Amino acid sequence: MKLRYPRRPFAEVHWTLLAILILLWVFCLYTRICVSGTRYPEVILGTVTSCVAIWVNHLRVGSIQSVYNVINIFSGVLYDLLVFFVVLVFLLYPMGTVDCYTPKAKVSELIRATSQAQEEINKRISQHQSITAAGAGLQIELSGRVKEGFISNDGVIVVAGEDPPAVVIFQPTFASGVVTWKCSGLPKKHMPSSCQ
């Protein structure tokens, strides 16, 4: 009994075409993994890969003279694409994962860590109708991304993190019975839009 080896994907063309497609997919998937929004390069590359698979299988089957030839072409296309993407997964797997957690998202954690202190200061200001001593005795819990924290007597909250190095400052104001908070921080490029 003779062993039959499975044919490689895109078997009817030179192996360099297969290598180029794999390199383009590896580059596209690995370097653009953290990109948000529309993913035109991936859509274009997927369309090109599918068209190449159809063209290659048309070469393999030859002229279309019956429905049987069309079925052979599309079964070949499915086989080629399946094997191609299995090979791609095996190539991408050893590369590990990419941390898509952006510096702005990390700074947002610093901002969220101040919410309890802000609530307490809001209550004190509402009770006393004044910012004076609104932050007296309050402390920021040092946990998660918060490495340093400070609350002044007049309710100004300062938090700092190391990854990325950033400082966020919340300053309360009280007018017409309403407490509002102004957020600012450094470096500006890491601050979310709510804190610029």
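Only a predicted model underlies this, so the values are computations on that prediction, with no experimental measurement involved.
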Q: Any chance you could measure S152, atom OG, to Q171, atom CD, to the nearest 0.5 Å?
A: 8.0 Å
(Q) Between E12 and R60, does any NZ, NE, NH1 or NH2 come within less than 4.0 Å of an OD or OE carboxylate oxygen? (A) no
Q) What pair of heavy atoms forms the shortest contact from P9 to V83, and how long is it? A) CD-CG1, 3.5 Å
Q. Side chains of S50 and L81: does their closest heavy-atom pair fall under 4.5 Å?
A. yes
(Q) For a quick test of reading the model, state the closest non-hydrogen atom pair linking H190 to P165 and the distance between them. (A) CD2-O, 4.4 Å
Q | CA sep, side-chain torsions, deciding dist, call: S130, H128, side chain to side chain donor-acceptor pair (under 3.5 Å) | A | CA-CA 5 Å; S130 171; H128 302 290; over 6 Å; no
Q: Determine, step by step, whether L29 and L88 satisfy the side chain to side chain contact (heavy atoms under 4.5 Å, CB included) criterion, reporting the C-alpha distance in whole Å, the side-chain angles of both residues, the deciding distance to 0.1 Å, and the verdict.
A: CA-CA 10 Å; L29 292 176; L88 196 60; 3.9 Å; yes
Q: Establish whether V86 and V77 are linked, either directly or via other cluster members, by ILVMFWY side-chain heavy-atom contacts under 4.5 Å.
A: no
Q | S176 side chain vs V178 backbone, donor-acceptor pair below 3.5 Å | A | no
**Q.** Pair F85 + W25: ring centers closer than 6.0 Å
**A.** yes
**Q.** Members sharing V107's hydrophobic cluster (side chains within less than 4.5 Å)
**A.** L110, I111, I121, I125, I131, L138, I140, L142, V146, I151, I157, V159, V168, F170, F174, V179, W181, M191
Q) Does one hydrophobic cluster hold both V13 and V87, with members joined at side-chain heavy-atom distances below 4.5 Å? A) yes
Q | Minimum side-chain heavy-atom gap R7-Y79 below 4.5 Å | A | yes
Q.
What verdict does the side chain to side chain contact (heavy atoms under 4.5 Å, CB included) test give for F74 and N69, after you've listed the backbone C-alpha separation in whole Å, the side-chain angles of each residue and the deciding distance to 0.1 Å?
A. CA-CA 9 Å; F74 281 100; N69 294 109; over 6 Å; no
Q | Q116 (side chain) donor-acceptor with A113 (main chain) under 3.5 angstrom | A | no
Q: For residues A134 and R124, report the shortest heavy-atom separation together with the two atoms involved.
A: O-CD, 2.9 Å
Q) Looking only at heavy atoms, which two atoms of C195 and S184 are closest? And how far apart? A) SG-N, 3.6 Å
Q) Is there a path from L78 to I73 through hydrophobic residues (I, L, V, M, F, W, Y) whose side chains come within less than 4.5 Å of each other? A) no
Q) With a cut-off of 6.0 Å (strictly less than), are more than 12 heavy atoms of other residues, nucleotides or ligands near CD of Q129? A) yes
**Q.** hydrophobic_cluster_shared for L23 and F27, side chain cutoff 4.5 Å
**A.** no
Q) Ion pair present between R8 and D80, side-chain N to carboxylate O less than 4.0 angstrom? A) no
**Q.** Where P192 and S108 come nearest, the two heavy atoms and their spacing
**A.** CG-OG, 3.6 Å
Q. Distance from K147 atom NZ to R145 atom CZ, nearest 0.5 Å?
A. 8.5 Å
Q. Do any pairs count as a disulfide bond (SG atoms under 2.5 Å apart) and have a residue in residues 39-69, sequence neighbours left out, and if so which ones?
A. none
Q | Full working for salt bridge (Lys or Arg N to Asp or Glu O under 4.0 Å) between E119 and K123 | A | CA-CA 6 Å; E119 285 177 24; K123 285 180 192 173; 5.6 Å; no
Q.
Please determine whether side chain to side chain contact (heavy atoms under 4.5 Å, CB included) holds for the pair F10 and L21, giving the CA-CA distance in whole Å, both sets of side-chain angles, and the decisive distance to 0.1 Å.
A. CA-CA 10 Å; F10 307 98; L21 281 173; 4.2 Å; yes
**Q.** Which atom of G155 lies closest to which atom of P172, heavy atoms considered
**A.** O-CD, 3.4 Å
Q. Same hydrophobic cluster for V52 and L82, using side-chain heavy-atom links shorter than 4.5 Å among ILVMFWY?
A. no
